[in-house]
Amino acid sequence: MLTMNNISKVYQTEKVQTHALRNFDLNVKEGEFIAVTGPSGSGKTTFLNIAGMLEPFSSGQYTLDGVDVGGLSDNERADLRNQKIGFIFQGFNLIPDLNLYENIEVPLRYRGIKSGERKRRIEECLEKVGLASRAKHLPQQLSGGQQQRVAIARALAGEPRFLLADEPTGNLDSLMARQVMEILESINREGSTIIMVTHDPELARRAPRNIQVVDGQLADFTLYQNKQFEKANKLATAGA
Ligand SMILES: Nc1ncnc2c1ncn2[C@@H]1O[C@H](COP(=O)(O)OP(=O)(O)O)[C@@H](O)[C@H]1O
Ligand SMILES: [Mg+2]
């Protein structure tokens, strides 16, 4: 459902040209939970931003649910992103003077979702992340782990098929990190496809599939794993 072929991304600043991604190939199937690891500066965030259509790519082909992303206008891309993608950032990105309910509501309003439906989704998502009783709290009244759970609820309220998370546990202690991971796992069981960048090897190991980005490319073992994965899938399909 998500396919990248030969994707490259070049950042051009006054003096330097940075190849953040080069010849990047990836195939993601519906319902997968993928952990992305790799050294700092290797292109993980760039990959995630391109996957989430927050950034354009320089060359190559990116297909999402059969749609050629490179051929879309800015508006079409924004629509596709709104329909399909949920983003969780390391820094939570909550609005400090809005309470939890309102924070989750902002993107839903922006999408023109009616107030009754907004209320239903917000309550359901706060319940899912264990913060139903805190709807009226301000972000500053919560711990970092709780704030990250609000950010997850906000992403979930859009009912995304793809959840993209950039070091969602980067600012959390290990107990809270595990709690966030458990929430992501349960969301994945309910059917969302998840791609999570993480520095934490313990969390990465818990994900069913790991890929590693090194110097803007998938590391060799990942390519091997991809091939094995495709082979297993072919066998499964043939047997079905
Ligand atoms: N907006 C930008 N302008 C110029 N260079 C950038 C920009 N964003 C990222 N880069 C460069 O691209 C490379 C990959 O960055 P990034 O994707 O953020 O890596 P990671 O998330 O793995 O740490 C780095 O060398 C980084 O400095
Ligand atoms: Mg990063």
Asks: How about CG on Asp97, more than 12 heavy atoms from neighbouring residues, nucleotides or ligands closer than 6.0 Å, or not?
Replies: yes

Asks: Check Gln148 against Pro168 and note the closest heavy-atom contact, atom names and distance.
Replies: NE2-O, 2.7 Å

Asks: For the CD atom of Glu102 and the CG atom of Leu108, what is their distance to the nearest 0.5 Å?
Replies: 13.0 Å

Asks: State, with a plain yes or no, whether a side-chain heavy atom of Phe87 is found less than 4.5 Å away from one of Asn49.
Replies: yes

Asks: Applying side chain to side chain contact (heavy atoms under 4.5 Å, CB included) to Thr3 and Tyr62, what does each step give before you reach the verdict?
Replies: CA-CA 6 Å; Thr3 308; Tyr62 173 25; over 6 Å; no

Asks: Which distance, rounded to the nearest 0.5 Å, do you find between the CD of Gln146 and the CG of Leu131?
Replies: 6.0 Å

Asks: Measure from the side-chain N and O atoms of Asn188 to the backbone N and O of Gly31, and report whether any donor-acceptor pair falls under 3.5 Å.
Replies: yes

Asks: Got a second to check how far Gln147's CD is from Leu142's CG, nearest 0.5 Å?
Replies: 5.5 Å

Asks: Of all heavy-atom pairs between Ile195 and Leu48, which one has the smallest distance, and what is that distance?
Replies: CG2-CD1, 3.8 Å

Asks: Quick test of your reading of the model: are Glu124 and Arg120 salt-bridged, counting only N-O distances below 4.0 Å?
Replies: yes

Asks: Can you find a heavy atom in the side chain of Leu21 that is under 4.5 Å from one in the side chain of Ser8?
Replies: no

Asks: Can you find a pair of side-chain heavy atoms, one from Leu218 and one from Gln212, that are under 4.5 Å apart?
Replies: no

Asks: What about Ile7 and Val67, same hydrophobic cluster or not, with Ile/Leu/Val/Met/Phe/Trp/Tyr joined at side-chain heavy-atom distances under 4.5 Å?
Replies: yes

Asks: If you round to the nearest 0.5 Å, how far is CG of Asn93 from CD1 of Ile88?
Replies: 11.5 Å

Asks: With a 4.0 Å cut-off, would you call Lys44 and Asp166 a salt bridge?
Replies: no

Asks: Among the clusters formed by ILVMFWY side chains lying less than 4.5 Å apart, do Val180 and Val36 turn up in the same one?
Replies: no

Asks: If you count every heavy atom of other residues, nucleotides or ligands that lies below 6.0 Å from Asp215 atom CG, does the total exceed 12?
Replies: no

Asks: Identify the two heavy atoms, one from Asp25 and one from Asn6, that lie closest to each other, and give their separation to 0.1 Å.
Replies: OD1-N, 2.7 Å

Asks: In this structure, would Phe162 and Leu80 fall into the same cluster of hydrophobic residues linked by side-chain contacts under 4.5 Å?
Replies: yes

Asks: Would Arg161 and Glu30 pass as an ion pair if we require N to O under 4.0 Å?
Replies: yes

Asks: Do Arg178 and Glu182 meet the salt-bridge criterion of a basic N to acidic O distance under 4.0 Å?
Replies: no

Asks: Which residue, Arg111, Arg118, Arg121, Lys84, forms the salt bridge (Lys or Arg N to Asp or Glu O under 4.0 Å) with Glu159?
Replies: Arg121

Asks: Answer yes or no: is there a side-chain heavy-atom contact under 4.5 Å between Glu32 and Pro208?
Replies: no

Asks: Would Leu156 and Lys128 satisfy side chain to side chain contact (heavy atoms under 4.5 Å, CB included), going step by step from the backbone distance to the final call?
Replies: CA-CA 9 Å; Leu156 288 182; Lys128 254 184 210 164; 4.1 Å; yes

Asks: Is there a side-chain contact between Lys9 and Phe47 in this structure, where contact means two heavy atoms from C-beta onward sitting under 4.5 Å apart?
Replies: no

Asks: Under 4.5 Å between side-chain heavy atoms, hopping through other hydrophobics if needed: is there a path connecting Ile50 to Leu2?
Replies: yes

Asks: For the pair Ile104 and Leu126, evaluate side chain to side chain contact (heavy atoms under 4.5 Å, CB included) and give the outcome as yes or no after the intermediate values.
Replies: CA-CA 9 Å; Ile104 300 171; Leu126 278 173; 3.6 Å; yes

Asks: Side chains of Thr63 and Met1: does their closest heavy-atom pair fall under 4.5 Å?
Replies: no

Asks: Quick one: closest heavy-atom pair of Thr198 and Asp200, and the distance?
Replies: OG1-N, 2.9 Å

Asks: How close do Ala20 and Tyr11 get, heavy atom to heavy atom, and via which atoms?
Replies: CB-CE1, 3.6 Å

Asks: Walk me through it: do Met196 and Phe33 pass the test side chain to side chain contact (heavy atoms under 4.5 Å, CB included)?
Replies: CA-CA 8 Å; Met196 173 186 74; Phe33 189 153; 4.1 Å; yes

Asks: For a quick test of reading the model, state the closest non-hydrogen atom pair linking Ala35 to Ala204 and the distance between them.
Replies: CB-CA, 3.8 Å

Asks: Atom CZ in Arg149, atom CG in Leu100: separation rounded to 0.5 Å?
Replies: 10.5 Å

Asks: Between Phe89 and Leu172, is there shared hydrophobic-cluster membership here, with clusters defined by ILVMFWY side-chain heavy atoms closer than 4.5 Å?
Replies: no

Asks: Quick one: salt bridge (Lys or Arg N to Asp or Glu O under 4.0 Å) partners of Arg22, sequence neighbours excluded?
Replies: none

Asks: Quick one: do Lys119 and Glu123 satisfy salt bridge (charged side-chain N to carboxylate O under 4.0 Å, His left out)? Show the steps, please.
Replies: CA-CA 6 Å; Lys119 184 166 185 294; Glu123 285 171 355; 3.1 Å; yes

Asks: Is any side-chain N of the basic residue among Glu202 and Arg205 closer than 4.0 Å to the acidic one's carboxylate O?
Replies: no

Asks: Can you tell me how far apart CD1 (Ile194) and CG (Leu184) are? Round to the nearest 0.5 Å.
Replies: 5.0 Å

Asks: Quick one: are Gln12 and Thr18 in side-chain contact, heavy atoms under 4.5 Å?
Replies: no

